[in-house]
K.L.:
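Below is one structure. I have some questions about it.
Predicted model only: the values in this text are computed from it and were never measured. Position 1 is the first residue of the sequence; numbering continues from there. Note: hydrogens, waters and symmetry copies are ignored here, and every other heavy atom, side chains too, is used.
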Amino acid sequence: MILKSTISQIVENYLIDTNYYLVDIKVTPDNRISVEIDSFDGVSLEFCAELNRHIESQFDREVEDFELEVSSAGLTEPF
């Protein structure tokens with residue numbers, strides 16, 4: 001199982017020197033990973049895709065199977 005702390009470290013390191021910040025990470029027992037980011041200027045789809053690719057590059061799919069979703073915090077999510 002991929003640890004939430006591992007994902008958090010990867011994301012936080014990627015977000016250094018950007019105007020983006022981490023809102024939440026969820027990891028289920030079957031390795032469904034959800035990462036929510038935000039920015040005071042909004043979040044572009046391109047940045048979500050870049051972060052998604054970066055996170056995926058840190059793991060070997062031959063060793064660990066997972067599902068990954070990177071998105072911006074929505075209106076229905078708590079602050």
Side-chain angles (χ1 to χ4, degrees):
M1 184 171 140
I2 297 174
L3 299 176
K4 183 177 178 178
S5 60
T6 303
I7 299 295
S8 179
Q9 184 178 27
I10 292 167
V11 172
E12 291 288 356
N13 287 339
Y14 189 81
L15 297 180
I16 290 175
D17 297 327
T18 71
N19 64 340
Y20 295 93
Y21 55 91
L22 179 60
V23 175
D24 192 23
I25 295 175
K26 296 176 186 159
V27 180
T28 65
D30 60 343
N31 278 342
R32 292 180 189 214
I33 303 165
S34 173
V35 177
E36 289 185 4
I37 59 171
D38 207 351
S39 165
F40 292 111
D41 300 323
V43 178
S44 70
L45 183 59
E46 292 82 20
F47 190 82
C48 287
E50 289 172 16
L51 178 56
N52 189 303
R53 285 189 294 272
H54 175 72
I55 295 168
E56 282 188 359
S57 74
Q58 303 301 303
F59 296 99
D60 182 354
R61 287 223 183 240
E62 298 295 323
V63 175
E64 195 80 59
D65 188 30
F66 60 92
E67 180 180 320
L68 175 62
E69 176 184 296
V70 176
S71 61
S72 63
L75 294 174
T76 60
E77 298 298 319
F79 285 107

K.L.:
Please report the closest heavy-atom contact between Leu51 and Ile37, naming both atoms and the distance.
P.N.:
CD2-CG2, 3.8 Å
K.L.:
Is there a donor-acceptor contact under 3.5 Å from the side chain of Asp24 to the main chain of Glu36?
P.N.:
no
K.L.:
With distance as the sole test, does Ser57 use its side chain to make a donor-acceptor pair with the main-chain N or O of His54 at under 3.5 Å?
P.N.:
yes
K.L.:
Would you list the atom pairs, donor with acceptor, under 3.5 Å between side chains in residues 14-23 and any protein atom, with sequence neighbours excluded?
P.N.:
residue, atom, partner, partner atom, Å
Thr18, OG1, Leu15, O, 2.6
Thr18, OG1, Tyr20, N, 3.2
Asn19, ND2, Ser39, OG, 3.2
Asn19, ND2, Asp41, OD2, 2.8

K.L.:
So Ile55 and Val11, do their side chains get closer than 4.5 Å, heavy atoms only?
P.N.:
yes
K.L.:
Taking the side chain as C-beta and beyond, is there a heavy-atom pair between Glu67 and Asn31 under 4.5 Å?
P.N.:
no
K.L.:
Residues in side chain to side chain contact (heavy atoms under 4.5 Å, CB included) with Asn52, at least two apart?
P.N.:
Glu56, Leu68, Val70
K.L.:
Would you mind listing every salt bridge (charged side-chain N to carboxylate O under 4.0 Å, His left out) that reaches into residues 45-55, with sequence neighbours excluded?
P.N.:
none
K.L.:
Would you mind reporting whether Phe59 and Ile10 have side-chain heavy atoms less than 4.5 Å apart?
P.N.:
yes
K.L.:
Considering non-hydrogen atoms only, spot the tightest contact between Ser72 and Cys48 and give its length.
P.N.:
N-SG, 4.2 Å
K.L.:
Indicate, with yes or no, if Ile7 and Met1 share a hydrophobic cluster defined by side-chain heavy-atom contacts under 4.5 Å among Ile, Leu, Val, Met, Phe, Trp and Tyr.
P.N.:
yes
